[in-house]
*Asks:* 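First the structure, which I've put down as structure tokens, then a few questions once you've had a look.
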Amino acid sequence: MQCRLDGQVAIVTGASSGIGHGVARALAQAGAAVAINYNSHNEPAEALAREIAEAGGRAIVVGADVSDEASVIALFDETVSTFGGVDIVVANSGMQKDAPSDEMTLDDWNKVITVNLTGQFLTAREAIRRFTAQGDRGRSRARGKIICMSSVHEVIPWAGHVNYAASKGGIALMMRTLAQEVAPSRIRINAIAPGAIRTAINAAETQGDAAERLLTLIPYRRIGAAEDIARAAVFLASDMSDYIVGATLFVDGGMTLYPGFADNG
Ligand code: BGC
């Protein structure tokens, strides 16, 4: 058995940059037709769609704000009307708005929770509805697969990022609760918890001296690339992981291994 997704249709939210971009490309390389969702920057999403088409794959670009219910429904409508169904949904959109907690505005708290947590809920809810309504498409052992993009900060507290850490902690139990609820319908829901992956979200931390400091938090001594997460997403979307349900796969070079204790604490 291979990690192939031929004949399947995937939606990736927040795919105009960073991890989502890499995940959308990898799903297409594995054979899936992909709906590349963006919120504000369409050009990188269009460029990826062209790249996928040139390589013989199929992709569309769909603008949608995941924190807006109608927009999420429209994203699924457009995908299904173009490709005839949906098999894989990667709820990836996320953002940071960092501040010490005593300076964090209610707006910045709400924005991050609304995009990162509510946005993933709206995306997963719509995926569950579509998987249920369309029945078994016979393309995979599961009727549908959902992958939630979490973070090492679903378990590692992160001073100065309370909105972000709370959103990712929320994703952990949202994902497991949904997985428990819909597994009997053969819908598989899992999560990926990336560590420090070099993208625009953490550009300041992953360069120069800051990168050296960051490496001390990564036992494997390498800052991750979007492709590291993309490979995990292809695996979790494929039948290779068919018995994996409600799991969070940490893809973090060992960041969650408490490296501060490596020298006896
Ligand atoms: C954050 C990054 C950070 C990484 C490790 C991710 O979830 O978005 O900014 O580098 O966690 O701390």
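If you're wondering where the values come from, they're calculated on a predicted model, not measured in any experiment. Counting convention: from 1, in listed order, for ligands and their atoms alike.
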*Asks:* Indicate the ring-plane relationship of Trp158 and His161, choosing parallel, tilted or perpendicular according to the 30° and 60° boundaries.
*Replies:*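 Ring orientation of Trp158 relative to His161: parallel.
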
*Asks:* Do side-chain atoms of Asp68 reach the backbone of Ser71 as a donor and acceptor pair under 3.5 angstrom?
*Replies:*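 Such a contact is found between Asp68 side chain and Ser71 backbone.
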
*Asks:* Quick one: nearest non-hydrogen protein atom to atom 5 (C) of ligand 1, plus distance?
*Replies:*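 I find the closest protein heavy atom is His153 NE2, 3.5 Å.
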
*Asks:* Report the part of Lys168 in contact with ligand 1, treating N, CA, C, O as backbone and CB onward as side chain, heavy atoms under 4.0 Å; options are side chain, backbone, both, neither.
*Replies:*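 Looking at Lys168 and ligand 1, no heavy atom falls under 4.0 Å.
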
*Asks:* Under 3.5 Å, is there a donor-acceptor pair between the Thr105 and Asp107 side chains?
*Replies:*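 No.
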
*Asks:* Note the single closest protein heavy atom to atom 8 (O) of ligand 1, along with its residue, its atom name and the distance in Å.
*Replies:*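 Residue, atom and distance for the closest contact: Gln96 OE1, 2.6 Å.
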
*Asks:* Where do Ala24 and Leu48 come nearest, in terms of heavy atoms and distance?
*Replies:*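 Heavy atoms of Ala24 and Leu48 come nearest at CB-CD2, 3.9 Å.
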
*Asks:* Please name the pair of heavy atoms, one in Gln120 and one in Cys148, separated by the smallest distance, quoted to 0.1 Å.
*Replies:*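 Heavy-atom minimum between the residues: OE1-CB, 3.2 Å.
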
*Asks:* Could you tell me whether a side-chain N or O of Asn37 sits under 3.5 Å from a main-chain N or O of Gly63, the two making a donor and an acceptor?
*Replies:*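 No, the answer is negative, given that no donor and acceptor are paired below the 3.5 Å cut-off.
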
*Asks:* Polar contacts were defined as any N/O atom of the residue lying under 3.5 Å from an N/O atom of the ligand; does this apply to Glu205 and ligand 1?
*Replies:*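 Yes: some nitrogen or oxygen of Glu205 is under 3.5 Å from one in ligand 1.
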
*Asks:* For atom 6 (C) of ligand 1, grab the closest protein heavy atom and report residue, atom and distance to one decimal in Å.
*Replies:*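 Residue, atom and distance for the closest contact: Tyr164 OH, 3.5 Å.
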
*Asks:* As an exercise, identify every atom of ligand 1 less than 4.0 angstrom from a heavy atom of Ser151.
*Replies:*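 Taking each heavy atom of Ser151 in turn, ligand 1 has 6 (C), 7 (O), 11 (O) under 4.0 Å.
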
*Asks:* Look at atom 4 (C) of ligand 1 and say which protein heavy atom is nearest, naming residue and atom and giving the distance to 0.1 Å.
*Replies:*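 Nearest neighbour among protein heavy atoms for atom 4 (C) of ligand 1, to 0.1 Å: Gly195 O, 3.5 Å.
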
